[in-house]
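Heads up: the structure comes next, in structure tokens.
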Amino acid sequence: QVQLVESGGGLVQAGTSLRLSCATSGRTFRNYVMAWFRQAPGKEREFVAAFTWSEITRAYADSVKGRFTVSRDNAKNLLYLQMISLKPEDTAVYYCAAGSGSRRPDEYPYWGQGTQVTVSS
């Protein structure tokens, strides 16, 4: 089993920054590719970013490329999503997930509970 707990969401103004964290635990979480997804009201869950624990491979959605950065702290088993130049369209619940590495949510068996990010204009 893999356990994921997100934190760091909040209400911010457009143009500012926010860093989300995802605490990971479980015996086999490092066997999975880690990803961030988000879901805005009335919309489908969409891929944001993914990377392997070795950080050899990283991928970003076009909508966040150049503004969002994924990283991890192996010693603390934490994942991060650093977000800069936030836009109102970034408003969503952000989820940490562990899975295959694809951009499809259904290929990720493990999910956190989500953290709300609201960007005001």
Side-chain angles (χ1 to χ4, degrees):
Q1 284 288 346
V2 175
Q3 292 82 44
L4 305 171
V5 179
E6 303 93 336
S7 61
L11 172 61
V12 297
Q13 290 188 331
T16 61
S17 302
L18 200 61
R19 188 178 77 166
L20 306 182
S21 300
C22 174
T24 65
S25 61
R27 294 177 60 186
T28 61
F29 67 91
R30 288 179 188 251
N31 292 340
Y32 296 92
V33 173
M34 305 304 300
W36 289 93
F37 286 81
R38 67 186 181 186
Q39 189 165 18
K43 295 187 177 181
E44 294 186 350
R45 193 166 297 188
E46 66 172 358
F47 171 82
V48 174
F51 71 106
T52 58
W53 280 100
S54 64
E55 291 193 284
I56 293 175
T57 302
R58 298 187 188 191
Y60 296 93
D62 288 343
S63 59
V64 306
K65 200 172 293 183
R67 299 187 300 120
F68 290 12
T69 304
V70 291
S71 62
R72 88 284 186 264
D73 183 330
N74 281 345
K76 297 180 179 179
N77 292 334
L78 285 171
L79 311 176
Y80 301 108
L81 181 66
Q82 179 68 50
M83 306 182 291
I84 66 171
S85 302
L86 283 162
K87 304 175 182 180
E89 51 263 43
D90 294 318
T91 295
V93 177
Y94 284 71
Y95 298 90
C96 177
S100 70
S102 82
R103 299 190 178 212
R104 293 179 50 174
D106 60 0
E107 295 193 9
Y108 287 78
Y110 301 105
W111 293 85
Q113 83 289 351
T115 185
Q116 175 72 48
V117 172
T118 303
V119 184
S120 64
S121 58

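In this text the structure is predicted, and so the values were computed from the model without any measurement.
- The two residues Gly9 and Thr115 come nearest to each other via the heavy atoms N-OG1, 3.1 Å.
- When all heavy atoms of Thr16 and Val12 are compared, the pair lying nearest together is OG1-CB, 3.4 Å.
- Checking side-chain atoms of Thr91 against main-chain N and O of Val119 turns up a donor-acceptor pair under 3.5 Å.
- At a threshold of 4.5 Å between side-chain heavy atoms, the hydrophobic network of Ile, Leu, Val, Met, Phe, Trp and Tyr places Tyr60 and Leu20 in one connected group.
- Taking CD from Glu44 and CZ from Arg38, the interatomic distance works out to 14.0 Å, rounded to the nearest 0.5 Å.
- Using a distance-only test at 3.5 Å, with no hydrogens or angles considered, no donor-acceptor pair links the side chain of Ser102 to the main chain of Glu107.
- Judged purely by atom type and a 3.5 angstrom limit, Arg67 uses its side chain to pair as donor or acceptor with the backbone of Ser85.
- Looking at heavy atoms from C-beta onward, Thr24 lies out of side-chain contact with Leu78 at the 4.5 angstrom threshold.
- Counted by atom type alone, Gln3 and Ser25 present one or more donor-acceptor pairs between their side chains at under 3.5 Å.
- Distance check: Thr52 OG1 to Asn31 CG gives 12.5 Å after rounding to the nearest 0.5 Å.
- No side-chain donor from either of Ser120 and Gln13 sits under 3.5 Å from a side-chain acceptor of the other.
- Under the 3.5 Å distance criterion, the side-chain polar atoms of Gln113 are matched with a main-chain donor or acceptor of Glu6.
- A 4.5 Å side-chain heavy-atom check between Phe51 and Met34 finds at least one atom pair inside the cut-off.
- Closest of all the heavy-atom pairs between Ser121 and Ala14 is CA-CB, 4.3 Å.
- The structure places SG of Cys22 at 13.0 Å from OH of Tyr95, a figure rounded to the nearest 0.5 Å.
- Aromatic rings of Phe37 and Tyr94 (six-membered ring for Trp) have centroids beyond the 6.0 Å cut-off, not under it.
- Counting only heavy atoms from C-beta outward, the side chains of Tyr110 and Cys96 never approach each other to under 4.5 Å.
- Across all non-hydrogen atoms, the minimal contact from Ala98 to Pro109 is O-CD, 3.2 Å.
- For Lys87 and Asp90, the salt-bridge test fails: no basic side-chain N is under 4.0 Å from an acidic carboxylate O.
- Between the side chains of Gln116 and Thr118, a donor-acceptor pair is found at a separation under 3.5 Å.
- Residues Met83 and Ser17 are not in side-chain contact: their nearest non-hydrogen atoms beyond the backbone lie 4.5 Å or more apart.
- To the nearest 0.5 Å, atom CG of residue Leu79 and atom CZ of residue Arg72 are 9.5 Å apart.
- Between Phe68 and Leu81, some side-chain heavy-atom pair lies under the 4.5 Å cut-off.
- Tyr108 and Gly99 make their closest contact through CD2-N, 3.2 Å (heavy atoms, listed as atom of the first residue, atom of the second, distance).
- A distance-only check finds a donor-acceptor pair linking the side chain of Arg58 to the backbone of Val70 [under 3.5 Å].
- Closest heavy-atom contact between Ala59 and Arg103: CB-NH2, 3.8 Å.
- Residues Arg45 and Trp111 form a side-chain contact, since some pair of their non-hydrogen atoms from C-beta on lies under 4.5 Å apart.
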